[in-house]
Number of protein chains: 2
Amino acid sequence: MELLLLSNSSSDAGYLVHAHAAISELAAGRKTACFIPFAGVTRDWDTYETLVRDALAPVGIDVQSLHRLAEPAAAVRAIEAADLIVVGGGNTFRLLQCLRERGLLAPIARQVRSGAARYIGWSAGTNLACPTICTTNDMPVADPGGLDALALVTFQINPHYLSVVVPGFRGETRDQRLAEFTTLKPEVPVLGLPEGNWVRVSDQRIEMGGAHPARWFRGPDIADVQPGALSLPG
Amino acid sequence: MELLLLSNSSSDAGYLVHAHAAISELAAGRKTACFIPFAGVTRDWDTYETLVRDALAPVGIDVQSLHRLAEPAAAVRAIEAADLIVVGGGNTFRLLQCLRERGLLAPIARQVRSGAARYIGWSAGTNLACPTICTTNDMPVADPGGLDALALVTFQINPHYLSVVVPGFRGETRDQRLAEFTTLKPEVPVLGLPEGNWVRVSDQRIEMGGAHPARWFRGPDIADVQPGALSLPG
C-alpha cells in the first residue's frame, strides 16, 4: 500500500507546490489521476477539477474527476481501473457523505489496499484515509451516515495541526478538542500534522515529510516528533 | 416556550457570571435545574455538576444532574418533572449521542415546547436547541447517530462566533465553514453569536443580549445585527 497524506494544499508558492516532489515520488511515473472532488462545497466540482489539473500538470499528471461519471457503476469502474487516486480537501463530512451515498468507499479501499492504485489525499482527503473522520477540523455541514472512513492507516491524523490560543475565543483549543478524542478512544493514536507536512506510507514503513515537528496524542500522553521515520506511540 | 441560549460559559468575571442577570430573568423564581452534563468529555460529569452548582448558587438555583439517574426511565421521569432544564457546553456530538442513546431528546423537546420547563443552554447546549448540530464548532469525537437536534428554534446558531484569520493556518476560516453550510442549506439562516452574547426566545419574540454585534448568514447573504429584537433574515 502506497499513500501520501498531506496536511494542506495551499502554500505561499501556490496550490500544492510545496508537495511537488512528494507527489512525483508517490506517483512514480503514473500519468493519470482519478480525482475525487466531493469535499468541495463552496468551490464547485468543475472548478475544483480545473484547479487540481493545473496544479498537477507540472509534475506530469493528468486529472479525471469522478464527478463527471453520474452513474455509480461507472464511477466504480473508474476506481477499479485507476492506478492513482487523488482525494482533495474541503469538507470531510460532505466528502464522506458523497462517497457513502455512491457506494464508493469499499471500491476505493480495495483498490488501494491491493496495491493496484496509489493514494494521495490532502486535508479532508487525509482524514478520509484514517479509521474514522473523528479528528477532522471541519464543520458537520452534511450528514455522512456514520463516521467510519477508509481505514488505510491504523491511526488518526489531525490535519492543519497548530497549537494556538486565539485571543478572545472561549471555545476549545485544538489540543482540548484532541484531548476529547483521546479521552473517549485512549487506544487510538492521533498525529497532529502541521501545515506543510505530510505522511508517506509504504506498506509497513511510515515516514513524515515537511519542515516542522508534529505531535502524537495517545490517551493522556503527548509527544513531539520530528520529520523522518514514524513509529506509533504506546 | 422560554429559552436562553448563551454563546459561552466562561468569562473574565468567572463561570457564567456574565449571564447571571439573564439566567435569573429566564428562571423567574424556579429553584431547581435538571442539569444535562453529557457534553462534558475531558471534565467528568460529577465535576461538571459541582461546577454548575457553584455557578448557579448565587442566582438561587440548585442543580440536579441527570447523569446520576442511570436508568433511562428514571431520567425521562426527571425531565417530565422539571420546570427548568439546563444543558451545559462541551462536545456537541457527545451530548447528542448520549441523549439519543438514552431516548431523552423527545422528552426534553416535549417538556420545553409545552412550556412546562424553561431551557437554558450554552455552547453545545445552544447548538442542541437548533434544528441540527450542523453549525457546531466541535470535533466529531463521538457518533451522534444523526445530526438532527431539538429544533426548539427554526434557525441555526454558531456559538463562539468570531471572524478572524489565524496566522499560519491554511484550513477554513469560520466564515468559510459557515458558507459551506449556507451553500448546502440556503434556506436555513445561521446566527453567528459572539462570545458574551445570548439569544432569548419568549414564544414568538426573539431578542439578542450582550455587548457585541452578531452576524446573520443566509444563502449568500451576510448581515451584521445589533443586540436587541431579532428578526430572521430573508
Side-chain angles (χ1 to χ4, degrees), chain A residues 7-12 18 39-44 89-94 97 122-124 127 132-148 158-162 164 166-172 174 176-185 194-196 212 220, chain B residues 7-12 18 39-44 89-94 97 122-124 127 132-148 158-162 164 166-172 174 176-185 194-196 212 220:
Chain A
S7 183
N8 58 298
S9 52
S10 68
S11 71
D12 291 339
H18 68 292
V41 177
T42 50
R43 176 187 284 152
D44 77 60
N91 187 283
T92 310
F93 293 88
R94 179 68 167 152
Q97 179 192 52
W122 56 88
S123 194
N127 285 309
T132 68
I133 65 162
C134 289
T135 54
T136 179
N137 305 305
D138 295 340
M139 195 171 269
V141 298
D143 191 333
L147 302 174
D148 288 352
N158 176 242
H160 307 289
Y161 174 73
L162 79 182
V164 295
V166 177
F169 177 61
R170 295 188 179 278
E172 291 81 4
R174 185 76 64 86
Q176 286 171 329
R177 295 180 195 285
L178 292 171
E180 291 178 344
F181 178 82
T182 55
T183 297
L184 294 176
K185 296 272 184 193
E195 306 286 6
H212 310 289
Chain B
S7 183
N8 57 297
S9 53
S10 67
S11 71
D12 291 340
H18 68 293
V41 177
T42 50
R43 176 187 284 153
D44 77 61
N91 186 284
T92 311
F93 294 87
R94 179 68 167 153
Q97 180 193 52
W122 56 87
S123 194
N127 285 310
T132 68
I133 65 162
C134 289
T135 54
T136 179
N137 306 305
D138 295 340
M139 195 171 269
V141 298
D143 191 335
L147 302 175
D148 288 352
N158 176 242
H160 307 288
Y161 174 73
L162 78 180
V164 296
V166 177
F169 177 61
R170 295 188 179 276
E172 291 82 3
R174 185 75 64 86
Q176 286 171 330
R177 295 179 195 285
L178 292 171
E180 291 178 344
F181 178 82
T182 55
T183 298
L184 294 176
K185 296 272 184 193
E195 305 287 5
H212 310 288

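Here is the naming used below: chain letters follow the sequence lines, and residue numbers restart at 1 for every chain.
Contacts between Glu195(A) and chain B at a heavy-atom distance below 4.5 Å involve the side chain alone, from C-beta outward. In this structure, chain B has a heavy atom under 4.5 Å from the side chain of Asn8(A), while its backbone stays farther away. Using a 4.5 Å cut-off between heavy atoms, Thr136(B) touches chain A through backbone and side chain atoms alike. Contacts between Ser10(A) and chain B at a heavy-atom distance below 4.5 Å involve backbone atoms as well as side-chain atoms. For chain B, no part of Arg43(A) is nearby; none of its heavy atoms comes within less than 4.5 Å. Heavy atoms closer than 4.5 Å to chain B are found in the side chain of Leu162(A), but not in its backbone. When heavy atoms are compared at a cutoff of 4.5 Å, Tyr161(A) does not approach chain B at all.
When the candidates Thr182(B), Val41(B), Thr92(B) are compared by the number of heavy-atom contacts under 4.5 Å with chain A, Val41(B) comes out ahead. Ranked by heavy-atom pairs under 4.5 Å with chain A, the list Ser9(B), Ser11(B), Pro194(B) is led by Ser11(B). Counting heavy-atom pairs under 4.5 Å between each of Leu147(A), Leu178(A), Thr183(A) and chain B puts Leu147(A) at the top. Of the listed residues (Pro144(A), Gly145(A), Gly196(A), Gly90(A)), the one with the most heavy-atom contacts under 4.5 Å to chain B is Gly90(A).
Here the straight-line distance linking atom CG of Asp143(B) with atom OG1 of Thr132(A) works out to 9.5 Å at 0.5 Å rounding.
The heavy-atom pair separating Asp138(B) from Phe93(B) by the smallest distance is O-CE1, 3.3 Å.
When side chains are defined from C-beta on, Gln176(B) does not count as touching Thr42(A), because their heavy atoms never get closer than 4.5 Å. When side chains are defined from C-beta on, Asp12(A) counts as touching Arg170(B), because their heavy atoms get closer than 4.5 Å. Looking only at side-chain heavy atoms (C-beta outward), Glu172(B) and Glu180(B) come within less than 4.5 Å of each other.
Remark: Asn137(B) engages Met139(A), Arg177(A), Asn158(B), Pro159(B), His160(B), Arg174(B) in a side chain to side chain contact (heavy atoms under 4.5 Å, CB included) (not counting sequence neighbours).
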